[in-house]
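Computed from a predicted structure; not experimentally measured. So that the names make sense, note that chain A is the first sequence line, chain B the second, and so on, each numbered from 1.
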Amino acid sequence: MGIVLDLLKQDVRFHEGLKACMNCGVCTAICPAAEFYDYDPRMLVSIVQSNDEEAIIELLKSDTIWYCGQCMSCKTRCPRNNCPGLVINVLRKISQELGYFTESVKGRQQILIKRNIGDTILKTGYCIHPSIVKPELHPEQGPVWEWVYNNPNDVYERMGGNFDKEGAGTLRKINNEVLGELKAIFEVTGGTLLFDKIEKFSAMKAREAGLEGTDGNIDKYIEKVNAEDKI
Amino acid sequence: MKAEGKRNIWREYQKEIACDHFYYQRSCIRQNFFPASEKTFLKILRDELGKDIYDDPLHTTCTGIGYHTDVVPFDTIQAVVARHFALMTEAGYKNMAISCVTSFGIYSEITETWKEFPEELEKVRKSLKKAIGKEFEVPANIAHASDIIYKFKGEIAEKQQFELINKQTGKPLKIVEHIGCHYSKMFPSKGVGGAEFPHVLSGMIEEWGGEVVDYPERRHCCGFGFRQYMVQSNRGYSLSNSKKKFESMEPYMPDAIVANCPGCNMFLDKWQYTLAEMQGKTYGQNGKGIPVLTYEELAGLVLGYNPWDLGLQMHQIDCEPLLDKMKVPYNPEDKYLGANKKYIGRPEVAACLA
C-alpha cells in the first residue's frame, strides 16, 4: 500500500465517510457544488474507492477536491450512509500534508485561509472578528456593516456587547492565558504543524515560480493566488 | 405531499432537550453580525423562563470555520471542544446550549465519533491533559439554542404581546423557515423533526400565529460553503445558492425569513442587498427585500421587546415592513443611535433597496 492509501486509512473520518459506494449518484444530484462547478462527488468517491494510489494523487493535485462547500447534504441522501463531504475533509488534509495543494488554483487558496481564519483564531480566540471583515474586501456586506465597522465600540455597546473588554459577553477580549491554552492545544494536536506546512509548501511554490521577494516574503504569490492567476 | 402529512412525519423525530442549567457556547459569526440575538437568548431564558444559564468568559471559538475550511485538523478541533467540556465540567454544568449551527454540527460529529471510535476519545483525553492539564466529562445533553426556544415556545406564547398576524389583512404572516445544513443533515436524530422535516423553526412560527411557507428549494443550502465564501474569488458559489432559494420562494410572497444558523442569517440578508446592487432585483414586496430574522429576534418581537434592543438595525434588509404588518411600535429616530441615545452617524442609504 502507498503512503496516500495509508494516510487515508489512518483517519477515522475516512471509515466513517466511505463504507461501500454503489455509484448511484444521488450525492451528485443533491450537491450544490455540482450545480455551480464542473464537479461530481460520485466520480470522486469512485476514484477513492478504487484504491488506485496514482489516481488518488492526481485527485490531491487537482481543483476537484476544493469545490465542495461542506454542506453535507450528501450525507442525508446517501442510501449507504456514506458522506462524500467527510471523505473530502480527509483528502484535503492529506493534500496539504504532502504539499500537493499548491498544484491547483483552488488548492493554492489555502494560504489565504490560513493567514485569514487560521491566524485570527490564535490571535483573537475567534474564527471571525470585526477587524478582519474590512468593508473594502467585503462589498457584499453593504453600508450597514460599514457603519458597524466604523463604530464598533458604540454599536456593540448598544447591542449589549462587551467589545474588546475583559469579562464575559459578546466579542469580549479573550485573555492571554486562554489564548495560551489554545496555542498549546494547536501545538500538541498538529494544528501548528499544519499551519507551518501550508506556509512552507506555499513558499516553495512561490520560489519555484520566481514570486518570492528578496526578504523571503510571498506577497506577489499571494496576489496571484487571490486573483486565480496562472502560476 | 400534503402539508398535513409533513406535519405528521416530523413527530417521528424527537430529541431530548434539557430543561434547565445550561452552559452557553457563543457563536463567532453571531457575535459579529447579530450580537443582540445572543443577549436576547440569555434574557429570555433567565428573565422570561427563569432558567439558569452560564456565560463563561473563558470559552473560545470552537474553530469550526477553520475546520470546514481545512486549516484546522480534526485532532485539534476535538481537543478545543474537549477544552469547552472541561470548562463546563469545572463550572458544574452537564448541559450544553450552543448558539451556532456549525458548532452544533461539530459537537455532534465529535461526540458521535467518540461513540463509534472510543480510541479517539482516549486520544483526546491524553492530548488535552498534555496540552493544558485539563480533564473533562462528555455533556449529558447537547442542544442547539433554537431547540431550547422550541421547547419553551408554549411558555413564550403565554406571554405573547404580538402575534405573527398581518394586522392589515387579519391573515397569518407567511414565513420562510431556513434550517442550517449542519443542524440535522449530518445527524438527523440530533434535530427536532430530523433532516427531511425539521420542525424546530416551523413549530415556533405556528405556535406564535404565523404560517410556514413550503417552497421547492426549502432545504437547499444558503451557500455559505466555508472556503467558497471566505476566499473572495469563490463567492459566486455562495451568492448563486442564495439566489436559487430567493427565486424559489419569491412566488409565495413571504413576509419574512427566519433562520437558525449564523451564516444563513447573514447570507440571506446580505446577498439580497448584493443582488439588488448587481441586478436591480429585489424579492420582497414593494421593491424591498424580505426581512431575515433570527429565532431570538422573532421570539423577542412576539414578547414585545423594542426592535432596536433586538438589533434589527444591524440588518441590511430593513425590517420595518414586517413591524408595520405586526403593528409593533418603533421609533425611527432611535434606530441607529448608540448606547444612551448617543448619535453615532447613520449608515449610507442603500438606494437599490429604498
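Heavy-atom distances place the side chain of A:Y156, and not its backbone, under 4.5 Å from chain B. The contact between B:T69 and chain A is made by backbone and side chain atoms together, counting heavy-atom distances below 4.5 Å. Both the backbone and the side chain of A:L137 come within contact range of chain B, each with at least one heavy atom under 4.5 Å from a heavy atom of that chain. Looking at A:E35, the atoms closer than 4.5 Å to chain B (heavy atoms on both sides) all sit in the side chain, from C-beta outward. For A:K93, the part sitting under 4.5 Å from any heavy atom of chain B is the side chain, from C-beta outward, and nothing else. Within the 4.5 angstrom heavy-atom criterion, atoms from both the backbone and the side chain of B:Q316 approach chain A. Neither the backbone nor the side chain of B:K123 has a heavy atom closer than 4.5 Å to any heavy atom of chain A. Neither the backbone nor the side chain of A:F163 comes within contact range of chain B; no heavy atom of the residue lies under 4.5 Å from a heavy atom of that chain. Both the backbone and the side chain of A:F186 come within contact range of chain B, with heavy atoms under 4.5 Å apart. For A:V144, the parts lying near chain B are the backbone and the side chain together; criterion is any non-hydrogen pair under 4.5 Å. Only the side chain of B:M266 comes within less than 4.5 Å of a heavy atom in chain A; its backbone stays farther off. Residue A:V12 touches chain B through both its backbone and its side chain, counting heavy-atom pairs closer than 4.5 Å. Interface residue B:I132: only side-chain heavy atoms are found under 4.5 Å from chain A. Proximity to chain A is limited to the side chain of B:F117, based on heavy atoms less than 4.5 angstrom apart. Using a 4.5 Å cut-off between heavy atoms, B:V231 contacts chain A through its side chain alone, with no backbone atom that close. Using a 4.5 Å cut-off between heavy atoms, B:R235 touches chain A through its side chain atoms alone. Contacts between A:N151 and chain B at a heavy-atom distance below 4.5 Å involve the side chain alone, from C-beta outward. Both the backbone and the side chain of A:L171 have a heavy atom closer than 4.5 Å to some heavy atom of chain B. Neither the backbone nor the side chain of B:F267 comes within contact range of chain A, judged by heavy atoms closer than 4.5 Å. Interface remark: A:I185 contributes backbone and side-chain atoms alike to the contact with chain B (heavy atom separation under 4.5 Å). Only the backbone of B:L337 comes within contact range of chain A, with heavy atoms under 4.5 Å apart. For A:C83, no part lies near chain B; criterion is any non-hydrogen pair under 4.5 Å. Of the atoms belonging to B:S127, heavy atoms from both backbone and side chain fall under 4.5 Å from chain A. Contact annotation for B:E348: both backbone and side-chain heavy atoms come within less than 4.5 Å of a heavy atom of chain A. For B:W271, the part lying under 4.5 angstrom from a heavy atom of chain A is the side chain only. Only the backbone of A:C68 comes within contact range of chain B, with heavy atoms under 4.5 Å apart.
Of all the listed residues (A:N116, A:L182, A:T192), the one sharing the greatest number of non-hydrogen pairs under 4.5 Å with chain B is A:L182. For the set A:L112, A:L194, A:N175, the count of heavy-atom pairs under 4.5 angstrom toward chain B peaks at A:L194. Between chain B and the options A:K173, A:E166, A:E140, A:E157, heavy-atom pairs under 4.5 Å are most frequent for A:E140. Ranked by heavy-atom pairs shorter than 4.5 Å toward chain B, the options A:V148, A:V133, A:I117, A:T170 are led by A:T170. Each of A:E177, A:M72, A:K197, A:E181 has some count of heavy-atom pairs under 4.5 Å with chain B, and the biggest count is that of A:E181. The candidate with the highest count of non-hydrogen atom pairs below 4.5 Å against chain A, out of B:H220, B:E38, B:E277, B:K130, is B:H220.
Comment: B:K115 engages B:E112 in a salt bridge, judged by a side-chain N to carboxylate O separation of less than 4.0 angstrom. Taking the charged nitrogens against the carboxylate oxygens, B:R219 and B:E196 have no contact shorter than 4.0 Å, which rules out a salt bridge. Salt-bridge check for A:R158 with B:D309: passed, with a basic side-chain N closer than 4.0 Å to an acidic carboxylate O. A salt bridge does not link B:E122 to B:K126: none of the charged side-chain nitrogens sits closer than 4.0 Å to a carboxylate oxygen. Here B:K39 does not pair with B:E296 in a salt bridge; the nearest charged N to carboxylate O distance is not below 4.0 Å. The pair B:R227-B:D70 fails the salt-bridge criterion, with no side-chain N (NZ, NE, NH1 or NH2) lying under 4.0 Å from an Asp/Glu carboxylate O. With salt bridges taken as basic N to acidic carboxylate O contacts below 4.0 Å, one links B:K342 and A:D154.
Although no hydrogens or angles enter the test, the distance criterion places a donor-acceptor pair under 3.5 Å between the side chain of B:N32 and the main chain of A:I128. Here the side chain of B:Q313 pairs a donor or acceptor atom with the backbone of B:W308 at under 3.5 angstrom.
Here B:F226 and B:H182 bring their ring centres to under 6.0 angstrom of each other. The six-membered or imidazole ring of B:H315 lies near that of B:F34, with a centre-to-centre distance under 6.0 Å.
Between B:K270 and A:Q141, the side chains place a donor N or O and an acceptor N or O closer than 3.5 Å (distance only, hydrogens not considered). No side-chain N or O of A:W66 forms a donor-acceptor pair with one of A:Q110 less than 3.5 Å apart. Judged purely by distance below 3.5 Å, without hydrogens or angles, the side chains of B:K185 and A:S73 pair a donor atom with an acceptor atom.
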Exercise for the section: Before giving the answer on side chain to side chain donor-acceptor pair (under 3.5 Å), spell out for B:R30 and B:S99 the whole-Å C-alpha distance, their side-chain angles and the decisive distance to 0.1 Å. Expected result: CA-CA 8 Å; B:R30 275 154 64 90; B:S99 175; 2.8 Å; yes

Exercise for the section: Quick one: do B:E109 and A:K75 satisfy salt bridge (charged side-chain N to carboxylate O under 4.0 Å, His left out)? Show the steps, please. Expected result: CA-CA 12 Å; B:E109 181 182 339; A:K75 169 73 160 59; over 6 Å; no

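The environment of CD in B:E217 is crowded: more than 12 heavy-atom neighbours from other residues, nucleotides or ligands sit within 6.0 Å. Annotation: A:K19, atom NZ; neighbour count of heavy atoms from other residues, nucleotides and ligands within 6.0 Å is above 12.
Residue-level contacts of residues 222-231 of chain A with chain B, in order of numbering, are A:N226, A:E228; threshold 4.5 Å between heavy atoms.
The CZ atom of A:R92 lies 5.5 Å from the CD atom of A:Q70; values are rounded to the nearest 0.5 Å.
With sequence neighbours excluded, the residues satisfying side chain to side chain donor-acceptor pair (under 3.5 Å) with B:N234 are A:K106, A:Q109.
Contact annotation: the side chain of A:R172 approaches that of A:I174 to within less than 4.5 Å [non-hydrogen atoms, C-beta and beyond].
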